[in-house]
Amino acid sequence: MDFSVEHQLVDSEARAGLMSTGHGVVPTPIFMPVGTAGSVKGIHVKDLKEDIGAHIILGNTYHLYLRPGTAIIEGAGGLHRFNGWNGPILTDSGGYQVFSLGDIRKLTEEGARFQSHIDGSYHMFTPESVVDIQRKIGADIIMAFDECTPGDAPYDYAKKSLALTQSWLERCMEQMQKTHPLYGHSQSLFPIVQGGVYEDLRTQAAKHVASFQADGYAIGGLSVGEPENVMYAMIEVVCPILPKEKPRYLMGVGTPVNILEAIDRGVDMFDCVMPTRNGRNGMLFTREGIINIKNKKWADDFSPVDQEGTSYVDHQYCKAFLRHLIISNEMLGAQIASQHNLAFYLWLVREARNQILCNNFKNWKEEMTKRLACRL
RNA sequence: GGGGAGAUACCAAAGUGGCCAACUGGGGCAGACUGUAAAUCUGCUGGCUCAUGCCUUCGUAGGUUCGAAUCCUGCUCUCCCCA
């Protein structure tokens, strides 16, 4: 994998770059739609690529391992062949499930013991097994196994948790050395910075990951319950320590405003379930602000879903119809809303990149931030 | 014509003397959602009030009772069975 910074602003840490992978080139900043179980919920690959303009999507190690299982994915010839997406893929390691499945998992130095959320069966994830599984899934970018520290973790917990993540990273890197890609394209492992909401821990964590030769670096354990300004502060602490010539990935973030703020602080890559999950639940992100399409006021609004939207669904359907679909629990409603939101997110990062290239990012960000936070 | 069952809030449906402004669904209205245990979850849904509270409600008109959606009587209406 190769990354080059095309343009670096002087009044901001924001930069525009190009990341080349075995499945194509990704312009940064970029937003990566989340496809946990191998599919971006409700969205066809054709729309993802041609209408939404996605360049790279996510999959999840934990979910794919449980179902359909790595043997099936291997049998298909890897996830790209299995799901029909021939662009770059990134897989999360299961580290987030260490956090979100808190009640049905147990952590030890060795790894994490999970109870399947599907059938309750017990499974052990170790840094080594997580690398092995991700080799079999075959994503272009794979993530280190980490513990995603909760946003409200006290200092002692965050420190201990960080130490575990660091020790697991060393084992992941070793396992990468011992193993090889299975499908003829290269795989890059990104280490993850943890450290909770504590500046000294984040600093130490950033230095630790930077000491490894990696193709990119991730910031994890944010937007997990801590206040937004704390999240921004942590990004400001971490980014300057990470190698300038490598992509930086802020995991699981976020709202459109979060993304602009993080780009401003030097982040290149994002992923979040918000456009799809919140879309399914009736929340639309637009250039003018947030729409809760379930609200009564849209019942007789026959204007397009998004007058300025870039997706065909924005013009094919009107707000009143989309509201009707979502309220009636019609699956097309979830599809339209997801497609609109993803197209909006991809437009946002594309436009951010354009504004960086013409040195107008700061002004544009300021104006957009005001509009994006509005409730319509 | 004869016999039987029933009428509860927007709809359906519990409740058969005080714990009932009334279970529960649905519908409606709002909210939440950040590396997806999520096409999920939460709140409100008679009126007034910030609230304690007060007022008006269980077909309708009376009655019994300290107290009635619940018991009694008349009336109105609905459904089922037999002719």
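All heavy atoms count here, side chains included; hydrogens, waters and symmetry mates do not. No experiment lies behind these values; they were computed from the predicted model shown. Below, chain A is the first sequence line, B the second, and so on; all start at residue 1.
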Next item on the list: Just call it for A:L58: base, sugar-phosphate, or nothing, with non-hydrogen atoms closer than 4.0 Å on any strand.
Entry: sugar-phosphate
Next item on the list: Counting Watson-Crick and G-U wobble pairs only, both distances under 3.5 Å, name the nucleotide matched with B:A32, or none.
Entry: B:U40
Item checked: Under-4.0 Å side-chain N/O to phosphate OP1/OP2 contact, A:R280 with B:U40 -> no
Margin query: Measure CE/A:M274 against C1'/B:A39 and give the value in whole Å, please.
Written below: 18 Å
Check: A:M251 has an atom CE; how far is it from atom C1' of B:U34, in whole Å?
Finding: 12 Å
Notebook entry, point to check: Atom CD of A:Q194 to atom C1' of B:G35: distance rounded to whole Å?
Noted result: 10 Å
Notebook entry, point to check: Going by heavy atoms in the side chains, are A:K49 and A:N86 under 4.5 Å from each other?
Noted result: yes
Next item on the list: Looking at every strand, decide which applies to A:T276 at a 4.0 Å heavy-atom threshold: base, sugar-phosphate, or nothing.
Entry: base
Next item on the list: Specify the separation, in whole Å, of atom CZ of A:F285 and atom P of B:A32.
Entry: 11 Å
Notebook entry, point to check: Any chance the rings of A:Y317 and A:H324 have centres within less than 6.0 Å?
Noted result: no
Next item on the list: Using the C1' atom as the reference point in each nucleotide, state the distance between B:A13 and B:G17 in Å, no decimals.
Entry: 22 Å
Margin query: Is it the case that the side chain of A:Q8 and the backbone of A:A14 share a donor-acceptor pair, with hydrogens and angles ignored and the cut-off at 3.5 Å?
Written below: yes
Note to self: When both hydrogen-bonding distances must be under 3.5 Å and the geometry is Watson-Crick or G-U wobble, what is B:C20 paired with, if anything?
What the structure shows: none
Next item on the list: Assign the ring pair A:F344 / A:F285 to parallel, tilted or perpendicular, where the plane angle (0 to 90°) is split at 30° and 60°.
Entry: parallel
Checklist line | Nearest-nucleotide 5' precedence on RNA chain B, A:K297 against A:Y62 | finding: A:K297
Note to self: Let's test your reading of the model: under 3.5 Å, does the base of B:U36 pair with the side chain of A:S100 as donor and acceptor?
What the structure shows: no
Margin query: Students often get this wrong, so: under 4.0 angstrom with heavy atoms, is A:N329 touching a base, only sugar-phosphate, or nothing?
Written below: sugar-phosphate
Next item on the list: Side chain of A:M283 only, please: which of B:A39, B:C33, B:G35 is the nearest?
Entry: B:C33
Checklist line | Proximity of A:Y65 and A:F125 rings by center, below 6.0 Å | finding: yes
Next item on the list: Provide, to the nearest angstrom, the distance between the OH atom belonging to A:Y96 and the P atom belonging to B:A37.
Entry: 7 Å
Item checked: P gap between B:G6 and B:A14, integer Å -> 11 Å
Note to self: For A:D301, is there an ion pair with A:R323 - N to carboxylate O distance below 4.0 angstrom?
What the structure shows: no
Notebook entry, point to check: Taking the side chain of A:S93 as its heavy atoms from C-beta onward, which of B:G35, B:C33, B:A39 lies nearest to it?
Noted result: B:G35
Notebook entry, point to check: Would you call A:E261-A:K365 a salt bridge at under 4.0 Å N-O?
Noted result: yes
Notebook entry, point to check: For B:G25, which nucleotide in any strand shown is its Watson-Crick or wobble partner with both distances under 3.5 Å?
Noted result: B:C11
Notebook entry, point to check: Are A:K244 and A:E13 close enough for a salt bridge, meaning some N to O gap below 4.0 Å?
Noted result: no
Item checked: Distance, C1' atom - from B:U36 to B:C29, rounded to whole angstrom -> 28 Å
Next item on the list: In whole angstrom, give the distance that lies between atom CD1 of A:I326 and atom P of B:U40.
Entry: 12 Å
Checklist line | A:N60 side chain to A:T36 backbone, donor-acceptor under 3.5 Å | finding: no
Checklist line | Any donor-acceptor N/O pair under 3.5 Å between B:G31 base and A:N292 side chain | finding: no
Check: Can you list, by residue number, the residues of residues 201-234 of chain A that have a non-hydrogen atom closer than 4.0 angstrom to RNA chain B?
Finding: A:G221, A:S223, A:E228
Note to self: Using a 4.0 Å heavy-atom cut-off, does A:N60 contact any base of the nucleic acid, only the sugar-phosphate backbone, or nothing at all?
What the structure shows: sugar-phosphate
Check: Where the side chain of A:T36 is concerned, which of B:U36, B:A37, B:G35 is the nearest nucleotide?
Finding: B:U36
Next item on the list: Whole angstrom is fine here: how far is it from NE2 in A:H63 over to C1' in B:U36?
Entry: 6 Å
Margin query: It should be established whether A:Q97 places a side-chain nitrogen or oxygen under 4.0 Å from OP1 or OP2 of nucleotide B:G35.
Written below: no
Next item on the list: For nucleotides B:G2 and B:C48, find the distance between their P atoms and express it as a whole number of Å.
Entry: 49 Å
Next item on the list: Inspect the contact between A:E128 and A:K178 and indicate whether a charged nitrogen and a carboxylate oxygen are less than 4.0 angstrom apart.
Entry: no
Next item on the list: Can you label the angle between the A:F212 ring and the A:H208 ring as parallel, tilted or perpendicular, going by 30° and 60°?
Entry: perpendicular
Item checked: Separation between the P atoms of B:A22 and B:G47, rounded to whole Å -> 14 Å
Note to self: I want to check one thing: is the phosphate of B:A32, taken as OP1 and OP2, less than 4.0 Å away from some side-chain N or O of A:R375?
What the structure shows: yes
Notebook entry, point to check: With both distances under 3.5 angstrom, what nucleotide forms a Watson-Crick or G-U wobble pair with B:G62?
Noted result: B:C72
Checklist line | Residue A:V273, side-chain heavy atoms: nucleotide from B:G35, B:A39, B:A32 that is nearest | finding: B:G35
Check: Between B:C20 and B:G1, how far is it from one C1' atom to the other, in whole Å?
Finding: 42 Å
Next item on the list: Could you measure between the two P atoms, the one in B:G59 and the one in B:A12, and give it in whole Å?
Entry: 14 Å
Note to self: Partner lookup for B:C77, please. Criteria are Watson-Crick or G-U wobble with both distances under 3.5 angstrom; report none if nothing qualifies.
What the structure shows: B:G6
Margin query: At less than 4.0 Å, is any side-chain N or O atom of A:N281 found next to OP1 or OP2 of B:C41? Yes or no.
Written below: no
Next item on the list: Sequence neighbours left out, what passes ring-ring contact (aromatic ring centres under 6.0 Å, His included) with A:H340? Give chain and number order.
Entry: none
Notebook entry, point to check: With rounding to whole Å, what would you report as the distance between B:C81 and B:U73 at their C1' atoms?
Noted result: 27 Å
Item checked: Value in whole Å for how far the P atom of B:A37 lies from CZ of A:R67 -> 13 Å
Polar pairs (N or O, both sides) under 3.5 Å between protein and nucleotides 27-29 of chain B?
unit_1: B:C29; atom_1: OP1; unit_2: A:R323; atom_2: NH2; d: 3.0

Margin query: Could you check whether any side-chain heavy atom of A:I290 comes within less than 4.5 Å of a side-chain heavy atom of A:T255, counting everything from C-beta outward?
Written below: no
